[in-house]
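A short worksheet on the structure shown next.
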Amino acid sequence: MSEFYKSIVKYYDNIFIPSNQVEFLANSCEGYKILDIAAATGAVANGLKAMGYDIKAIDLEDEMVEIAKRRDLDAEVMNMMDIDSIKEKFDLVYCIGNSIPHLDNLDQIRDFLKKVRKIIDRGKIVIQWINFEKFLINKSEYLGNLPTIENENVKFTRKYYRSGDKIRFNTILEADGERIENNELLYPLTKGDMIRILEELGYKDIEVFGGFDKSEFNIIKSNPVVIRAKYESI
């Protein structure tokens with residue numbers, strides 16, 4: 001388990017509380033079989049399961065998967081680059097929570113999306129990550145921050161810094177009298193990069209939103225990028 005996720009796993013559900021992700025994903029699924037890639041503790045997957053969907057959840061972090069299993073989810077430890085080992089076909093595959101920028105480069109992202117095609121049968125993919133372009137406009141080392149997440153249980157501060165051809169994601173978690181700081185390197189994926197790769201791989205009906213509320217994407221104002229596309233196997 002990475003140091004970042006190891007340090008936040010017991011607080012994860014207090015930091016990242018699902019809002020309209022479940023409704024958006026349910027409305028994106030034209031069947032009933034769903035795969036959640038990088039599912040974390042399974043909070044979103046659990047919401048879909050409660051609506052009657054047949055959902056499978058995978059995550060790289062074993063402690064996250066154990067929490068998902070306690071929700072009685074079909075969950076297993078798996079690297080997202082190994083999804084081609086899955087023999088099932090899904091009506092919807094989604095990877096949200098800014099997980100895809102943890103891949104190393106565009107080639108690896110392209111390989112991942114190729115593998116997704118093998119497990120979609122006339123279905124859709126949904127991908128969400130942070131709109132890095134609004135931060136990269138800043139030419140200094142410090143690129144900016146996301147809104148601080150603060151409630152009665154935690155305070156979670158998130159900042160971005162330029163680090164060569166990557167972005168350094170700096171987080172500070174304050175909870176239970178602890179102060180835990182971590183840094184993760186992320187690939188600065190852009191909306192244009194993603195659309196180009198999806199088109200090259202034969203995905204159709206590509207839609208771009210500025211959030212799971214289906215707001216219009218704005219390169220300056222939107223914090224997330226949400227992309228939905230369709231793939232029909234030949």
Side-chain angles (χ1 to χ4, degrees), residues 12-13 16-61 64-65 68 71 73-86 88-103 108-131 189 191 194-195 197-198 201-215 217 222-233:
Y12 193 91
D13 287 336
F16 301 110
I17 301 170
S19 54
N20 42 17
Q21 295 99 318
V22 173
E23 180 182 1
F24 180 96
L25 293 165
N27 290 336
S28 300
C29 185
E30 296 174 357
Y32 70 97
K33 286 184 66 66
I34 300 177
L35 176 64
D36 183 338
I37 298 174
T41 62
V44 172
N46 195 49
L48 290 164
K49 180 186 175 186
M51 296 176 71
Y53 290 97
D54 179 2
I55 186 154
K56 181 180 182 67
I58 65 169
D59 197 274
L60 184 61
E61 313 297 346
M64 295 283 195
V65 170
R71 289 186 154 118
L73 287 167
D74 176 10
E76 67 177 287
V77 177
M78 182 182 293
N79 190 309
M80 63 194 296
M81 296 305 296
D82 293 332
I83 57 170
D84 50 341
S85 67
I86 299 174
E88 301 170 71
K89 295 277 190 175
F90 299 90
D91 302 301
L92 173 68
V93 173
Y94 67 89
C95 180
I96 62 176
N98 205 42
S99 298
I100 202 164
H102 286 269
L103 297 179
Q108 195 171 37
I109 291 170
R110 182 180 288 104
D111 287 345
F112 166 71
L113 294 169
K114 280 184 183 178
K115 294 180 179 189
V116 170
R117 294 187 310 182
K118 297 179 180 179
I119 57 175
I120 290 182
D121 185 16
R122 300 177 65 86
K124 292 182 180 179
I125 184 172
V126 172
I127 303 172
Q128 175 264 321
W129 74 100
I130 294 298
N131 171 27
L189 179 65
K191 172 179 68 73
M194 178 58 72
I195 291 174
I197 293 172
L198 289 170
L201 294 176
Y203 288 87
K204 307 293 185 183
D205 301 335
I206 300 171
E207 301 173 276
V208 182
F209 304 98
F212 289 107
D213 59 357
K214 296 186 180 180
S215 57
F217 177 78
S222 298
N223 279 329
V225 187
V226 179
I227 286 188
R228 180 168 62 191
K230 188 170 186 178
Y231 186 78
E232 297 187 8
S233 57

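Note that the structure is predicted; figures quoted are calculated from it, not measured.
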* To do: Quick one: sort the Phe24 and Phe209 rings into parallel, tilted or perpendicular, breaks at 30° and 60°.
  =>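 Correct class here is perpendicular.
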[X] vs [Y] side-chain heavy atoms within contact, under 4.5 Å:
X      : Y     : result
Phe212 : Ile96 : yes
Met78  : Ile86 : yes
Val44  : Tyr94 : yes
Lys49  : Asp74 : no

Determine the minimum heavy-atom distance between [X] and [Y], stating which atoms define it.
X      : Y      : value
Ile100 : Cys95  : N-SG, 4.3 Å
Leu25  : Leu92  : O-CD2, 3.4 Å
Gly211 : Pro224 : CA-CG, 3.9 Å

* **Asp13 side chain to Thr41 side chain, donor-acceptor N/O pair below 3.5 angstrom** =>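 Per modelled atom types, Asp13 and Thr41 side chains form a pair under 3.5 Å.
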* Exceeds 12 heavy-atom contacts within 6.0 angstrom, atom NZ of Lys115 ->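 For Lys115, atom NZ is crowded (more than 12 foreign heavy atoms under 6.0 Å).
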* Asked: Is Glu23 atom CD crowded by more than 12 heavy atoms from other residues, nucleotides or ligands, each under 6.0 Å away?
  ->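 No, the 6.0 Å shell around CD holds no more than 12 heavy atoms from other groups.
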* Gap between atom CZ of Phe90 and atom CG of Asp54 - 0.5 Å precision ->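 Interatomic distance, Asp54 CG to Phe90 CZ, rounded to 0.5 Å: 8.0 Å.
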* Asked: Any Lys/Arg nitrogen of Asp91 or Lys33 sitting under 4.0 Å from an Asp/Glu carboxylate oxygen of the other?
  ->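 Not counted as a salt bridge, because no side-chain N and carboxylate O are separated by less than 4.0 Å.
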* Asked: Does a salt bridge link Lys204 with Glu232, judged by any charged N lying under 4.0 Å from a carboxylate O?
  ->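 Salt bridge flag = no for Glu232 with Lys204.
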* To do: Let me see the working for Leu103 and Met80 under side chain to side chain contact (heavy atoms under 4.5 Å, CB included), right down to the final yes or no.
  => CA-CA 9 Å; Leu103 297 179; Met80 63 194 296; 3.9 Å; yes
* To do: Taking side chain to side chain donor-acceptor pair (under 3.5 Å) as the test, write out the residues that go with Gln21, two or more places apart.
  =>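 Per chain and number, Gln21 pairs via side chain to side chain donor-acceptor pair (under 3.5 Å) with Ser19.
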